[in-house]
Amino acid sequence: MISSLRGTVLDARGGTAVIEVGGVGFALQLTPDHVLSLRVGEEAFLYTSLIVREDALQLFGFADREQLEVFELLNGVSGVGPKSAIGVLSVLSPDDIAAAVAADDDAPFRKVSGIGPKTAKLIVVSLTGKIVASRRPARAVKVAGAPSSVADSVLVALVGLGWPEKVAAEAVVEVVSDTDEKQRDSVQTLLRLTLARLGPAKQAAR
């Protein structure tokens, strides 16, 4: 199993790169943005995933472990192969994916070439509970009556969906004050209710 590579960049174009390690050139498939970050002649380190098939061996490369883990989660979804998985990561960051899953929103995935409505919905269902946004806003949401982890997760998802942090935090506080304990303990429920409250103010907030 090839889990990572460190070597000299021999070629980088389109969605592929060739990394020389110990005199051997490894061809990898990457996201276009990752390819653009590489420089021929310079050293690069990549996390990798080797996909073994009857008729081929495919090596995929990633800038960080988080991308690798999300790739493997996507590749494990029925109907999503490695090509589609790298396609999703070419359009959406791991945090974008986590935010969409938390919001039960399959629209971002439908924008990816090769991902249809059914597969997009299946991605959301399959990744629910398996992926969490890694970034954290500068300030946590301190809300009486709601677990901080739930409020923080909802805020991260809202920021990931494009809401200003201040607006999102205020909406979370308002929703928590108007809901019962059961609703406050569920990330999905609290996120849905907060999105509903933010809806009317969408234009003013952006």
Side-chain angles (χ1 to χ4, degrees), residues 1 3-4 15 28-34 46-53 58-137 140-141 146-163 165 168 172 175 182-196 198-199:
M1 181 69 177
S3 59
S4 66
L28 303 97
Q29 297 185 45
L30 318 173
T31 65
D33 284 346
H34 192 181
L46 303 90
Y47 290 96
T48 61
S49 178
L50 178 64
I51 305 298
V52 181
R53 293 184 170 178
Q58 293 178 297
L59 193 59
F60 294 82
F62 308 91
D64 54 53
R65 189 177 296 279
E66 184 180 23
Q67 283 191 328
L68 169 62
E69 292 173 349
V70 174
F71 170 82
E72 293 180 338
L73 284 174
L74 289 167
N75 191 45
V77 177
S78 178
V80 179
K83 183 178 179 180
S84 294
I86 201 73
V88 172
L89 284 168
S90 296
V91 176
L92 304 169
S93 71
D95 279 341
D96 291 335
I97 294 170
V101 171
D104 194 25
D105 181 13
D106 62 3
F109 301 106
R110 286 188 270 114
K111 297 177 182 178
V112 179
S113 177
I115 301 293
K118 291 183 179 179
T119 301
K121 186 62 179 178
L122 187 57
I123 289 174
V124 172
V125 172
S126 299
L127 266 57
T128 296
K130 297 180 181 178
I131 182 171
V132 178
S134 64
R135 66 171 176 255
R136 288 293 179 266
V141 182
S148 61
S149 60
V150 173
D152 287 349
S153 294
V154 170
L155 180 56
V156 168
L158 291 170
V159 172
L161 289 170
W163 290 99
E165 182 185 331
V172 172
V175 170
K182 182 177 181 180
Q183 291 174 314
R184 292 194 294 266
D185 287 345
S186 169
V187 172
Q188 186 169 350
T189 299
L190 187 58
L191 178 59
R192 176 174 55 78
L193 292 173
T194 306
L195 282 170
L198 284 167

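What you see below is based on every heavy atom in this structure, not just the backbone, and it leaves out hydrogens, waters and symmetry mates.
Taking every heavy atom of both residues into account, Leu46 and Gly61 meet most closely at CD2-CA, 4.2 Å. Shown here for Arg53 and Pro82, the closest heavy-atom pair between the two residues is NH2-CD, 3.2 Å. Summarising the geometry of His34 relative to Ala63, their closest heavy-atom pair is CE1-N, 3.3 Å, with the distance given to 0.1 Å. Thr119 and Gly79 get closest at one heavy-atom pair: CG2-O, 4.3 Å. In this structure, Ala85 and Asn75 approach most closely via the heavy-atom pair CB-N, 4.1 Å. Closest approach of Phe62 to Leu89, counting heavy atoms only: CE2-CD1, 4.0 Å.
Lys121 pairs by the side chain to side chain donor-acceptor pair (under 3.5 Å) definition with Asp104, not counting sequence neighbours. By the side-chain contact (heavy atoms from CB on, under 4.5 Å) test, Asp105 is found to be paired with Ala103, Ala107, Pro108, residues two or more places apart in sequence or in another chain being considered. Scored by the side chain to side chain donor-acceptor pair (under 3.5 Å) test, Arg65 finds no partners at all (sequence neighbours excluded).
Of the possible polar contacts, one joining the Thr48 side chain to the Ser4 backbone as a donor-acceptor pair under 3.5 Å is found.
Crowding of Gln188 atom CD: a count of heavy atoms from other residues, nucleotides or ligands under 6.0 Å not exceeding 12.
Between Asp95 and Glu66, some side-chain heavy-atom pair lies under the 4.5 Å cut-off.
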Verdict with supporting geometry, Leu195 and Leu158, side chain to side chain contact (heavy atoms under 4.5 Å, CB included): CA-CA 8 Å; Leu195 282 170; Leu158 291 170; 3.6 Å; yes
Run the numbers on Ser49 and Leu68 for side chain to side chain contact (heavy atoms under 4.5 Å, CB included), then give the verdict. CA-CA 7 Å; Ser49 178; Leu68 169 62; 3.7 Å; yes
Under the criterion side chain to side chain contact (heavy atoms under 4.5 Å, CB included), I'd like the reasoning laid out for Ile97 against Leu74: C-alpha separation, chi angles, the key distance, then a yes or no. CA-CA 10 Å; Ile97 294 170; Leu74 289 167; 4.3 Å; yes
Can you check side chain to side chain contact (heavy atoms under 4.5 Å, CB included) on Ser78 and Leu122, steps first, answer last? CA-CA 8 Å; Ser78 178; Leu122 187 57; 3.9 Å; yes
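For the pairing with Phe109, the side chain to side chain contact (heavy atoms under 4.5 Å, CB included) check across Leu92, Val91, Val80 returns one residue only, Leu92.
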